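Structure, as structure tokens:
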2 protein chains.
Amino acid sequence: MSMQDTASSGVALWRLVADGIERGIADGRFAAGDRLPGEMEIAETYRVNRHTVRRALAALAERGIVRAERGSGTYVEAQKLAYPLRSRTRFSEIVGAGGREPHGRMIETSEDVATRELARELGLKTGAPLVRIEAIRLADRAPICVSTTWLSAEHFPGAGTVFAATRSMTKMLEHYGIRDYRRGATRITAGIVDATDAARLDLPLGRPILVVDATDLDLEGKPLVTKHSRFAAERVEFLVEP
Amino acid sequence: MSMQDTASSGVALWRLVADGIERGIADGRFAAGDRLPGEMEIAETYRVNRHTVRRALAALAERGIVRAERGSGTYVEAQKLAYPLRSRTRFSEIVGAGGREPHGRMIETSEDVATRELARELGLKTGAPLVRIEAIRLADRAPICVSTTWLSAEHFPGAGTVFAATRSMTKMLEHYGIRDYRRGATRITAGIVDATDAARLDLPLGRPILVVDATDLDLEGKPLVTKHSRFAAERVEFLVEP
DNA sequence: TCAAGTTGTCTAGTATCATAGACAACTTGG
DNA sequence: CCAAGTTGTCTATGATACTAGACAACTTGA
């Protein structure tokens with residue numbers, strides 16, 4: 001393969017090689033600690049120059065996914081965070097269960113007004129005042145996801161401040177007298193990270209993300225908050241439980 | 001932004017712009033039929049040259065996502081297929097419900113032996129004989145997903161032939177006396193399409209895919225088949241129902 | 001009709017991507 | 001120690017990506 005004979009995809013060849021290797025690690029062809037094939041061998045399987053492979057490996061090494069040892073080989077070191085969907089498990093518990101250290105913080109908060117879309121999700125009128133909360137969650141200092149949360153400014157005045165102090169959505173809702181809530185419809189798709197999220201998630205541009213749109217309801221089915229979360233696909237996998 | 005001041009990501013600038021616009025369409029900032037901002041305006045928001053924006057729009061136009069009208073503007077024309085998870089709805093019903101024409105066919109089938117991983121999923125021994133079925137599903141001629149299915153060659157001899165004839169997993173299992181089954185654990189993550197799948201899904205290299213690993217069980221909880229499906233993220237969204 | 005704004009199409013120049021070859025530095029196994 | 005195989009680093013060349021500027025062709029609304 002070369003840049004000429006393939007239809008130009010806007011993705012550098014070395015990126016395709018790096019993605020291929022990373023996928024091999026993700027689906028278990030290369031386990032943590034394994035030695036990868038030599039640079040020449042990888043170059044042959046992908047039909048590229050050895051320098052292109054080196055570029056790919058350098059990128060993976062910089063992200064801590066592989067480690068090169070001169071004269072010996074290149075070795076794997078990485079694994080994903082299993083993330084159950086539809087449970088009430090908190091992020092901290094999910095991360096803790098994997099033996100990792102959870103961490104979260106607010107990035108920013110602001111007042112906003114409901115677009116038609118947001119109003120529909122939250123059962124409000126278009127233009128209704130909202131609180132927008134931008135937050136990030138990490139496991140062992142590796143950013144897992146950034147999420148934008150919207151909720152009614154009328155029903156939850158000062159929600160941003162409360163969230164910043166408690167660092168927990170559950171505790172924030174408790175502050176307003178909400179003891180329990182359940183997950184409404186959840187929408188999942190994938191995309192490519194944008195510049196802002198790339199910086200926050202410490203991802204190179206062009207990496208895939210899992211996009212989750214979800215609304216939480218109170219026990220009567222009334223919408224409380226709606227979230228738009230972007231997960232670093234390379235660090236997490238979702239589990240839909242039967 | 002320019003190629004110099006950002007850490008080189010291996011993704012062309014025009015691709016980032018195209019992905020950004022596509023994301024805007026996906027999350028409703030631009031609805032079907034809407035007019036996009038002018039090329040100059042887009043160039044300013046992304047801090048790139050107008051030619052780079054034109055490259056991005058040309059790529060989107062070629063994929064049928066936008067349509068340029070000289071002297072007037074560039075307009076949106078696209079929408080995603082809503083794909084419920086965890087339901088027993090068949091692919092054909094999902095597609096039909098969206099007013100589109102479903103289609104599916106087998107790509108190839110072969111005999112295989114179980115890796116440790118596959119054996120664990122299917123409750124077999126490592127090295128057990130398997131049937132592997134590679135299939136593709138389309139909606140209105142647009143490829144939605146390719147999937148690799150594995151099942152025991154002992155319990156389902158000639159499954160590939162049966163599937164090729166019936167074009168339906170449900171009917172194929174009926175042929176072996178399986179009347180009903182349910183979905184076991186489902187694992188979802190995202191990645192970048194590889195060369196083989198790119199050709200099958202009619203996607204440019206470097207596009208995001210949704211990767212779904214799932215196992216179907218009989219009513220006693222015994223594993224029947226395990227699948228590894230790759231969805232074109234730009235054409236589908238998953239709905240996790242409450 | 002006309003002006004403003006839009007997309008379409010040229011020409012250049014600079015930086016990056018990918019290829020190619022050669023050799024150094026190092027590790028491993030015999 | 002030595003030979004084979006590995007990663008690390010250098011030079012060089014052609015193709016592609018991005019920027020920059022100018023102008024043509026066309027649409028829309030006043």
Side-chain angles (χ1 to χ4, degrees), chain A residues 1-21 30 33-62 65-77 192 195 204-206, chain B residues 1-21 30 33-62 65-77 192 195 204-206:
Chain A
M1 190 193 317
S2 76
M3 238 14 190
Q4 292 96 294
D5 33 26
T6 192
S8 178
S9 62
V11 182
L13 257 184
W14 65 263
R15 262 303 289 277
L16 296 177
V17 176
D19 289 336
I21 295 170
F30 308 118
D34 279 5
R35 180 182 174 281
L36 292 179
E39 292 171 352
M40 284 303 275
E41 189 175 338
I42 296 175
E44 278 165 20
T45 60
Y46 285 94
R47 312 268 182 80
V48 296
N49 193 275
R50 179 175 157 242
H51 292 290
T52 307
V53 173
R54 286 185 57 72
R55 187 93 160 77
L57 290 174
L60 292 175
E62 195 175 10
I65 293 173
V66 304
R67 162 184 40 86
E69 290 187 5
R70 184 169 184 159
S72 172
T74 306
Y75 300 84
V76 179
E77 41 185 3
I192 299 292
L205 291 171
Chain B
M1 188 197 310
S2 74
M3 238 13 190
Q4 293 93 297
D5 35 25
T6 190
S8 179
S9 63
V11 181
L13 256 184
W14 65 264
R15 263 299 290 276
L16 297 176
V17 176
D19 288 336
I21 294 170
F30 309 118
D34 279 6
R35 179 182 174 282
L36 292 179
E39 292 172 352
M40 283 302 276
E41 191 175 336
I42 296 175
E44 278 164 19
T45 59
Y46 286 93
R47 311 269 182 81
V48 296
N49 193 274
R50 180 177 156 242
H51 292 291
T52 307
V53 173
R54 286 184 57 72
R55 186 94 163 78
L57 290 174
L60 292 174
E62 193 175 12
I65 292 173
V66 304
R67 160 185 41 87
E69 289 186 7
R70 184 167 183 163
S72 172
T74 305
Y75 300 84
V76 180
E77 40 184 5
I192 298 292
L205 291 171

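In this text the structure is predicted, and so the values were computed from the model without any measurement. Residue numbers start from 1 in every chain, and the chains themselves are labelled A, B, ... in the order their sequence lines are given, proteins ahead of strands.
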How many Å lie between [atom1] on [X] and [atom2] on [N], as a whole number?
{"X": "R50(A)", "N": "dC10(D)", "atom1": "CZ", "atom2": "P", "answer": "14 Å"}
{"X": "Y46(B)", "N": "dC18(D)", "atom1": "OH", "atom2": "C1'", "answer": "17 Å"}
{"X": "R67(B)", "N": "dG8(C)", "atom1": "CZ", "atom2": "P", "answer": "12 Å"}
{"X": "Y75(A)", "N": "dT27(C)", "atom1": "OH", "atom2": "P", "answer": "11 Å"}

ask   = Y75(B) and S72(B): which non-hydrogen atoms are nearest, and at how many Å?
value =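 Residues Y75(B) and S72(B), closest heavy atoms: OH-OG, 2.6 Å.
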inquiry  = Can you give me the closest heavy-atom contact between A56(B) and A18(B), atom names plus distance?
reply    =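 Smallest heavy-atom distance, with atoms named: CB-N, 3.6 Å.
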task = Mind listing the residues from residues 51-58 of chain A sitting with a heavy atom below 4.0 Å of DNA chain C? Number order is fine.
result =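 Result for residues 51-58 of chain A: H51(A), T52(A), R55(A), sorted by number.
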message = Can you see if the side chain of N49(A) gets near the phosphate of dA20(C) - specifically, an N or O under 4.0 Å from OP1 or OP2?
response =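 For dA20(C), OP1/OP2 do have a side-chain N/O of N49(A) under 4.0 Å.
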key: Contacts of T45(A) that satisfy side chain to side chain donor-acceptor pair (under 3.5 Å) - sequence neighbours left out   =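 Not a single residue meets the side chain to side chain donor-acceptor pair (under 3.5 Å) criterion with T45(A).
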key: Qualifying residues under salt bridge (charged side-chain N to carboxylate O under 4.0 Å, His left out), relative to R50(A), sequence neighbours excluded   =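 With sequence neighbours excluded, R50(A) shows a salt bridge (charged side-chain N to carboxylate O under 4.0 Å, His left out) to E39(A), given in chain and number order.
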query = Under the salt bridge (charged side-chain N to carboxylate O under 4.0 Å, His left out) test, which residues partner E69(A), sequence neighbours left out?
reply =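 Scan of E69(A) (salt bridge (charged side-chain N to carboxylate O under 4.0 Å, His left out), adjacent residues dropped) gives R67(A).
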task = Assign each of L36(A) and R15(B) to its nearest nucleotide of DNA chain D by heavy atoms, then name whichever residue's nucleotide is nearer the 5' end.
result =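 The 5'-side residue here is L36(A).
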task = Can you pull out how bent the helix from dT1(C)-dA30(D) to dG30(C)-dC1(D) is, comparing the axes over its first five and last five pairs, to 10°?
result =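 Helix axis angle between the two ends: 40°.
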message = With heavy-atom distances below 4.5 Å as the criterion, would you say the side chains of T52(A) and L16(A) are in contact?
response =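 The answer is no; the side chains never approach within 4.5 Å.
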ask   = Any side-chain heavy atom of V11(A) sitting closer than 4.5 Å to one from R15(B)?
value =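 V11(A) vs R15(B): side chains touch.
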ask   = Residues two or more places apart in sequence or in another chain: which of them pass side chain to side chain contact (heavy atoms under 4.5 Å, CB included) with A59(B)?
value =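 Here the qualifying residues are W14(B).
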ask   = Looking at residues at least two apart in the chain, or sitting in another chain, which of them share a side chain to side chain contact (heavy atoms under 4.5 Å, CB included) with I21(A)?
value =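 V17(A), I25(A), L36(A), I42(A), Y46(A), L57(A), L60(A).
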Filtered N/O pairs between nucleotides 2-6 of chain C and protein, under 3.5 Å:
from, atom 1, to, atom 2, distance (Å)
dG5(C), N2, G71(B), O, 3.0

